Amino acid sequence: MESYEALMATLALMLGSSWASGINIYAVIAILGLGGSTGHIDLPSELSVLQDPLVIGAAAVMYVVHFFVDKIPGADTAWDTIHTFIRIPAGAMLAAGTVGDTTPALEVAAGLLGGSVAATTHATKSGARVMINTSPEPVSNWSASLTEDVLVLSGMWAALNHPEVFLILFVIFMGFSVWALPKLWRFIKLLLNKLAKFLGVKTSPIAANDTPLSTQAHESKSLQTSKQLTKRTDSE
């Protein structure tokens with residue numbers, strides 16, 4: 001029973017930290033660091049560095065910066081773009097650190113899983129914020145940003161105190177992300193096409209590489225037939 005609880009706690013911490021990292025990495029580091037330094041969270045030895053006051057202070061400062069930048073329309077999208085190179089690697093490292101002093105293979109596997117989870121949440125957050133930015137008023141940006149802050153805090157609390165509940169909610173969230181991401185991507189492509197037309201940049205609705213292979217083969221065959229008929233006509 002104890003081994004089962006330990007497994008659930010480790011799994012929830014690994015997935016919770018990587019999931020939340022894709023939304024707000026600085027809040028995750030501050031929560032884990034403060035919890036570990038005060039004795040409320042038993043961190044693995046690999047994550048003990050998060051308890052250092054310097055790390056906690058840096059995370060707190062960056063969280064304050066994130067808090068305000070994330071609520072400015074346009075600036076939040078630029079901030080998300082930059083953090084593509086921060087949230088995903090950080091989520092992978094936190095996930096690898098949560099499994100503790102185990103085999104290198106398990107650490108690599110945890111890192112890959114954590115990076116994938118962080119990438120999924122980051123893409124969902126970033127895509128949703130691009131869609132929200134099409135609205136001219138700033139209220140929706142503030143509401144979305146505050147909702148994300150509450151989501152990270154409540155998610156981390158659930159992962160640390162109620163692992164089974166968090167894991168169920170995690171599966172639901174990931175399922176929603178898999179369903180929503182293609183729709184968000186199509187919306188972003190449509191938005192970029194409209195922006196390109198507004199700027200006078202010519203765009204093609206279907207790229208050459210997007211043409212089905214069967215269509216390409218049919219067009220090639222038709223072209224060859226046309227050339228043969230032309231040659232016959234010229235010879236006659």
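A quick note: this is a predicted structure, and the numbers were derived from the prediction, not measured.
A continuous path of ILVMFWY side-chain contacts below 4.5 Å connects Ile23 to Phe68, so both sit in one hydrophobic cluster. Side-chain heavy atoms closer than 4.5 Å link hydrophobic residues (I, L, V, M, F, W, Y) into clusters, and following such links, even through other members, never connects Ile29 to Leu54. Using a 4.5 Å cut-off between side-chain heavy atoms of Ile, Leu, Val, Met, Phe, Trp and Tyr, with links allowed through other members, Val165 and Leu15 fall into different hydrophobic clusters.
In this structure, the separation between CZ on Arg129 and CD on Glu148 is 4.5 Å, given to the nearest 0.5 Å. To the nearest 0.5 Å, the span separating OG on Ser145 from CH2 on Trp79 amounts to 11.5 Å. To the nearest 0.5 angstrom, Ser21 atom OG is 10.5 Å from Ile88 atom CD1. With rounding to the nearest 0.5 Å, the separation of CE in Met8 from OG in Ser3 is 10.0 Å. Rounding to the nearest 0.5 angstrom, the gap separating the CD1 atom in Ile86 from the NE2 atom in His122 is 10.0 Å. Expressed to the nearest 0.5 Å, how far CG of Leu181 lies from CG of Leu184 amounts to 6.0 Å.
For Tyr26 and His83, the distance between ring centers is under 6.0 angstrom.
Here the side chains of Tyr63 and Val28 are not in contact, with every heavy-atom distance at 4.5 Å or above. Counting heavy atoms from C-beta outward, Val61 and Val64 have side chains that stay 4.5 Å or more apart. In this structure the side chain of Arg87 reaches within 4.5 angstrom of the side chain of Asp80, judged on heavy atoms.
If you check the side chains of Asn133 and Thr77, you find a donor sitting under 3.5 Å from an acceptor.
Minimum heavy-atom separation, Leu43 to Gly36: CD1-CA, 4.0 Å. Nearest heavy atom pair, residue Met14 against residue Ala110, reads SD-CB, 3.7 Å. Nearest heavy-atom pair across Asn141 and Pro73 is OD1-CG, 3.5 Å. His40 approaches Thr38 most closely through the heavy-atom pair ND1-OG1, 2.8 Å. A pairwise comparison of heavy atoms in Ser18 and Gly91 identifies CB-O, 3.7 Å as the closest pair.
Counting only distance, with no hydrogens or angles, the side chain of His66 and the backbone of Met62 share no donor-acceptor pair below 3.5 Å. In this structure, Thr134 contributes its side chain and Met131 its backbone to a donor-acceptor pair below 3.5 Å. Between the side chain of Thr10 and the backbone N or O of Ala6 there is at least one donor-acceptor pair closer than 3.5 Å. In terms of modelled atom types and a separation under 3.5 Å, the side chain of Thr84 and the main chain of Thr81 share a donor-acceptor contact. Of the possible polar contacts, none joining the Ser143 side chain to the Ser140 backbone as a donor-acceptor pair under 3.5 Å is found. The backbone N or O of Ala95 sits less than 3.5 Å from a side-chain atom of Thr98, completing a donor-acceptor pair. At distances below 3.5 Å, at least one donor-acceptor pair connects side-chain atoms of Thr121 with backbone N or O atoms of Trp19.
Cation-pi geometry between Lys71 and Phe67 is met: the NZ or CZ atom falls under 6.0 Å from the ring centre, inside 45° of the normal.
Screening Asp70, Asp76, Thr120 against Lys125 for a side chain to side chain donor-acceptor pair (under 3.5 Å) leaves a single residue, Asp70. Residue Leu13 forms a side-chain contact (heavy atoms from CB on, under 4.5 Å) with just one option from Val99, Leu32, Asp42, Ile41, and that option is Leu32.
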Tabulate below the donor-acceptor pairs under 3.5 Å that side-chain atoms of residues 152-163 make, not counting sequence neighbours, or state none.
unit_1, atom_1, unit_2, atom_2, d
Ser154, OG, Val150, O, 2.7
Ser154, OG, Leu151, O, 3.2
Asn161, ND2, Trp157, O, 2.8

Contacts table for residues 166-179: side-chain donor-acceptor under 3.5 angstrom, sequence neighbours left out:
unit_1, atom_1, unit_2, atom_2, d
Ser177, OG, Thr124, OG1, 3.2
Ser177, OG, Phe173, O, 3.1

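As a member of the Ile/Leu/Val/Met/Phe/Trp/Tyr network built from side-chain separations under 4.5 Å, Ile56 groups with Leu34.
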